[in-house]
Amino acid sequence: MHSILSILQEHAKTAEQAGEAAGGAARALASANWGFEQKDIYLLMAIPLLPLAGYIIQLFFGRKLPRQGDWMLISLMFAGFGIAIYEFAKCLGAWSPEFKIESRTMGLSWNFLGSSPGSPSLVAGVLYDNLSAAMLVVVTLVSSLVHLFSAGYMKGDSRYHLFFANISLFSFAMLGLVISDNLIFFFIFWELMGLCSYLLIGHFYYKDSARKASLKAFMTTRIGDVCLLIGLCILYQHFGTLQFTELYEKVKIAVQNSPTHEWPEWLTAAGILVFLGSVGKSAQFPLHVWLPDAMEGPTPVSAMIHAATMVAAGVYLVGRAFPILTPDARIVVSIVGSFTGIFAATIGICANDIKKVLAYSTISQLGFMIASIGVGGVGAGLFHMITHACFKACLFLGSGSVIHAVHTQDMREMGGLRRKLPITYLTMLASTLAIAGVPLFAGFYSKDAILAHALARAMNEGIWYYYLPIAFLATASCITAFYMFRLVHMTFHGEPRDREKFDHAHESGPAMAIPLIVLGSLAVVCGYPFAHGIPAPLFSEARPWFLAIWEDHVPFETLLGGHFAEHHEHYEHILHESAHSNAVILSLCAAGLGISLSFAFYYFRWFSAEKCANAIRPVYNTVLNKYYFDEFYGKTFIAGTLVFSKVSSLFDKYVIDGIVNFVGGLMKKSSDASASFDRTVVDGFVNFAGFGTQAIASISRMLQTGRIQQYVAFSVFALVVVAALLILR
Amino acid sequence: MGLAGYLIVSAVMLACGIVCTVARKNVIYILMGIELILNAANLNLVAFSRFNGHLDGQVFAIFSIILAAAEAAVALAIVLNVFGLFDSIRPDDPDLLKE
């Protein structure tokens, strides 16, 4: 029972002894004996380090390697996937005699800045629990499939090897972020991901729009990053640590110690600031503008950003930071998330670019996840992130396959493609069913769980603003079903609208087909194991395995005792008794309504979409132009920044430069005066001395004739004179 | 004949020596002039010694004569070498350092 704990503690001790010379110490964390050993930590660290090693090799030797090195990076990613699966199975307890749903946490961290108490510390380590286990599998899976897909999609690109290098670095950043056990390293990887997204969105740098999009993505997420950094500063100021596990403990203590179990205001502020980091990264409502433009990047990159890395990191952050969020902060999170959910979904209805539809769908789904975490369904939100990663990666890779086949992104030029692209059609259809929330597909379980939590929260609290999330989310899931089926109808069903493009279309090679098939199948099945535990029956009421980790840390209401605990028990009761069944009905109705509407409009054509659009022309135009957000930001923030920079530049040019030039001129004047003084007076003295010496010398050298007898004569003369003077005195 | 006679002879010898040293263009003559000057001094020393009753002056004169002999030997060696190099014994001819 104590073996793993003691192994780690012993290791910590020896590391401390060994590390005293190196000024470091190691700290271990393990919750129970569940078969983990030292080597597992190193295996886990290998998962992100493999793509990093690949990146470095690729950067220097990529061009010289056969096939420009893609096989190396693909195999490294698959190796990482293998390790992730192995560790996941271990964490799940696949080899233990009895299967138990429980939280399993382990970690190891090293302090780089000495271990004396009170000194500043830089701690880095690995945190591995049920959440990171699931994330690692999903991220490595999607990354390796995207790598594989890129080998087909990017063939013939002039910067093929660099593209591979960059997506490897991207994967490294995301994987490192997932296993980081503290917010400092989390933030480092987070920023690294911002850089990678910039590089990859701007991969076609010769296109003006791609350059602008990469810059936009970088700058917009930067706003969130600054907020996140401020949030981290507040947390560090108050808690003196940024380790996740320590933070959870300290928050709990801080709340328990306060006289009325009140949550401190600064914690609310810190929580909202951390959340704003996610708003930037996960493209939530005010900062959502970068994600649709990020479609300028190659399609595999879009799949990567939308499924495995960038936006998932934002949700992962909110999930990890959930115990720090106060109830007030959670309200903000849930309302922002659910509003984004419905807001982006409406834009998705009108978009005609296949990738833009998917981009807005991602924003909307991210809103679901964020809102779910906000209402307290952390597990549900993160669960949705995982199912979403599977079907959204499939949708993006499928759209890549479609674009590859017809060389256009405009859905109005497609149609009837199911006969030409059967694999793409089937996999995308499965994913569409999943995202629409059709029962038995992955998305149904996660979306249902989210709606259940939102509904339970609303029923439990009974205040009007708690009803907003459920209202928004239910509507949004209806709209989601509608626009996703619209996409399928416009792309694959009906008659081809552009005959020439249709005739040239053909299914792509196995490098692109295999990832589609894998992800398409996952879109069907990946909901079961997470939601219900592997051996559990389909509709078991048992607590899902995936959600178990939060029993340790959240919700605090149960730990605080008294009113809070009762409150929470009531919530749990509502959730399991009434909200869950109601949510199933709600989500089924929403999905059914959306799907049948889209069939009515785009398949049977009972109603004309154009006529509807004409009937509400102003509204339609507003939505078509994405509620004029880009224009609004362009007119206000960007124009404001430009004006400000112009004013600053003028200030610089006239005031600062004026002062500098004036001082410079003054210096020049004074140095001129000093120079002329130097020339006349100082040089005069020096020259006078020189000339004087020369003049005296030219006279006196006349005496020195070199004739010995003359010298003798002079001496005698001098002697005579001296003698005469002596005598005559 | 008293001390004055010796001194007058000595003064005449000194004058002759100086004139010989300054005016002659031959090194041998110059050396001879120097010998004259030295011997004028010696005559003075011996005369003063004789009239003052001390022997110091005479001892000093002997030193001086030995010194003159040594000096003549060195000087003649130099003159011989100068003649070998410049084919001349005029004191004005060796003027290599003048430039």
Side-chain angles (χ1 to χ4, degrees), chain A residues 660-729, chain B residues 3-4 7-8 10-45 48 64 68 71-72 74-83 85-99:
Chain A
V660 171
N661 287 342
F662 176 71
V663 172
L666 221 60
M667 284 306 289
K668 195 165 175 297
K669 285 267 156 56
S670 74
S671 60
D672 276 348
S674 139
S676 65
F677 176 80
D678 218 35
R679 261 198 300 278
T680 53
V681 180
V682 179
D683 282 11
F685 275 120
V686 173
N687 289 342
F688 176 74
F691 283 130
T693 312
Q694 213 166 21
I696 293 166
S698 64
I699 294 166
S700 57
R701 72 192 291 181
M702 288 175 190
L703 288 174
Q704 198 163 13
T705 56
R707 289 160 197 262
I708 304 166
Q709 287 169 309
Q710 211 169 20
Y711 295 165
V712 176
F714 286 148
S715 312
V716 172
F717 177 71
L719 196 68
V720 171
V721 171
V722 170
L725 285 174
L726 284 173
I727 292 163
L728 295 179
R729 190 164 51 122
Chain B
L3 183 59
L7 294 185
I8 290 164
S10 169
V12 171
M13 275 172 74
L14 182 75
C16 289
I18 287 171
V19 169
C20 183
T21 304
V22 171
R24 285 291 180 165
K25 287 297 175 191
N26 190 317
V27 175
I28 303 296
Y29 283 103
I30 293 170
L31 288 175
M32 288 162 73
I34 292 169
E35 289 300 321
L36 272 180
I37 294 165
L38 281 170
N39 282 323
N42 286 348
L43 188 58
N44 261 7
L45 286 169
F48 279 116
S64 177
E71 177 252 309
V74 173
L76 284 172
I78 291 172
V79 170
L80 208 61
N81 273 304
V82 167
F83 184 74
L85 276 172
F86 294 93
D87 216 6
S88 150
I89 46 172
R90 289 166 61 86
D92 293 346
D93 280 348
D95 56 356
L96 287 179
L97 283 174
K98 204 176 177 183
E99 299 309 314

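Here the structure is a predicted model, which means the values were calculated and not measured. Note on naming: letters A, B, ... go to the chains in the order of the sequence lines (proteins, then strands), and numbering restarts at 1 for each one.
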When you look at [atom1] of [X], are more than 12 heavy atoms from neighbouring residues, nucleotides or ligands closer to it than 6.0 Å?
X      : atom1 : value
B:Y29  : OH    : no
A:I708 : CD1   : no
B:F86  : CZ    : yes

Output for pair (B:R24 CZ, A:Q709 CD), nearest 0.5 Å, gives 10.5 Å
Filtered by a 4.5 Å non-hydrogen cutoff, the part of residues 713-729 of chain A contacting chain B is A:A713, A:V716
